[in-house]
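Since the structure comes first, as structure tokens, the remarks are kept for the end.
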Amino acid sequence: EPVLKIEHLTKVYPDGTVALSNTSFDVHPGEFVVVIGSSGAGKSTLLRCINLLVEPTEGDVIFKGEKVNQSKSKQVKHIRREIGMVFQNFNLIDRLSVLNNVLHGRLGYTNTIKGSLGIFNKKDIKEAEAILERVGLKQQKYKRADELSGGQMQRVGISRALAQMPRLILADEPIASLDPASSKNIMDHIYNICQEDQLTAIVNLHQVDVALKYATRIIGMQHGQIIFDGHPSQLSDKV
Ligand code: ADP
Ligand code: ADP
């Protein structure tokens with residue numbers, strides 16, 4: 001049973017740009033899917049349709065057997081919590097501590113302001129600290145997010161996604177803003193955590209070499225369409 005089904009997904013932006021064109025594929029539990037393609041191929045739009053940041057023009061996103069793009073808003077919130085998102089530019093709340101950023105993943109953004117006033121309970125804090133320890137950031141928990149290096153910021157981004165207790169991790173160019181050493185560290189963390197916690201992942205990348213190193217499956221996109229879908233070894237045969 002697939003964890004995610006993408007059925008005939010099309011996205012046309014208001015200016016007429018066709019970012020996704022009749023795209024279909026299934027993702028099974030435990031897959032580490034890497035989507036590759038040059039800038040403008042539609043990778044970001046695809047992930048944003050899956051977590052409902054973007055509304056598809058046509059087609060369906062089916063998560064755990066449920067059509068998420070037609071759910072009522074309350075259900076959408078619930079579903080979105082099982083989909084953890086990691087962004088290229090980290091999307092942290094700069095003025096807040098590392099720990100608070102992670103807690104917001106756990107408690108939801110609606111509680112952001114209340115959270116800053118201290119509604120977090122001991123259990124939530126312990127959980128957040130345990131996640132930070134996994135990514136080697138326990139020492140930094142009281143630092144402001146904007147005092148961190150890029151690699152550290154992305155480890156907070158990963159921690160925040162994990163704090164949601166997701167089934168599915170979506171990462172949109174998670175290493176595009178990082179130097180090579182941090183990039184390897186971040187990809188290792190994402191990959192290892194998905195293995196350990198049996199999470200399914202879809203990771204957008206534009207570097208084919210990185211994709212080949214981590215992916216259990218590669219989807220190649222161009223002009224909003226899938227032009228390759230298979231095992232990394234099949235792609236290396238072609239390159
Ligand atoms: P990628 O992630 O592969 O770089 P995107 O999904 O960001 O691809 O973009 C696919 C296409 O859609 C590009 O032509 C891009 O300029 C366009 N696009 C992305 N976002 C928007 C938007 N909000 N409005 C209009 N066009 C957009
Ligand atoms: P990426 O390369 O990660 O897709 P971009 O720099 O292309 O990032 O896009 C940054 C933001 O601008 C995104 O929110 C994207 O949706 C939006 N965007 C991209 N292309 C267009 C466009 N042609 N018109 C309007 N918004 C766009």
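Model, not experiment: these values are computed from the prediction. Whatever order the structure lists ligands and atoms in, that order sets their numbers, starting from 1. All values below were derived from every heavy atom in this structure, side-chain atoms included, with hydrogens, water molecules and symmetry-related copies excluded. Numbering of residues begins at 1 and proceeds along the displayed sequence.
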Quiz item: Sub-3.5 Å donor-acceptor pair from the side chain of Arg160 to the main-chain atoms of Phe90, do we have one?
Solution: yes
Quiz item: So is Gly37 in contact with ligand 1, going by heavy-atom distances below 4.0 Å?
Solution: no
Quiz item: Do any heavy atoms of Gly224 fall under 4.0 Å from ligand 1?
Solution: no
Self-check item: Residue portion contacting ligand 1 (non-hydrogen atoms closer than 4.0 Å) for Ser38
Solution: backbone
Quiz item: Counting heavy atoms only, which part of Thr17 comes closer than 4.0 Å to ligand 1: side chain, backbone, both or neither?
Solution: side chain
Quiz item: When you measure from the side chain of Thr45 to the backbone N and O of Leu20, does any donor-acceptor pair fall under 3.5 Å?
Solution: no
Exercise. Go through ligand 1 atom by atom and flag the ones less than 4.0 Å from a non-hydrogen atom of Ser44.
Key: 1 (P), 2 (O), 5 (P), 6 (O), 7 (O)
Quiz item: Between Thr10 (side chain) and Asn22 (backbone), is there a donor-acceptor pair under 3.5 Å?
Solution: yes
Self-check item: Subset of ligand 1 atoms that lie under 4.0 Å from at least one heavy atom of Ser39
Solution: 4 (O)
Self-check item: Backbone or side-chain N or O of Ala19 under 3.5 Å from ligand 1 N or O
Solution: no
Quiz item: Which of the atoms of ligand 1 are close to Ala41, meaning less than 4.0 Å from one of its heavy atoms?
Solution: 1 (P), 3 (O), 8 (O)
Quiz item: Has the side chain of Lys43 got a donor or acceptor atom that lies under 3.5 Å from a matching backbone atom of Gly37?
Solution: yes
Exercise answer: donor-acceptor pairs, residues 58-66 side-chain atoms, under 3.5 Å, sequence neighbours excluded:
| from | atom 1 | to | atom 2 | distance (Å) |
| --- | --- | --- | --- | --- |
| Asp60 | OD1 | Asn69 | ND2 | 3.2 |
| Lys64 | NZ | Glu82 | OE1 | 2.7 |
| Lys64 | NZ | Glu82 | OE2 | 3.1 |
| Glu66 | OE2 | Gln75 | NE2 | 3.4 |

Quiz item: Is a donor on one side and an acceptor on the other found under 3.5 Å between the side chain of Glu1 and the backbone of His28?
Solution: no
Quiz item: Which part of Asp172 is near ligand 1, with near meaning a heavy atom under 4.0 Å away: side chain, backbone, both or neither?
Solution: neither
Practice problem: If the plane angle is over 60° it's perpendicular, under 30° parallel, otherwise tilted; pick one for Phe32 and Tyr214. | Solution: tilted
Practice problem: Would you check whether Lys43 has a nitrogen or oxygen atom less than 3.5 angstrom from a nitrogen or oxygen atom of ligand 1? | Solution: yes
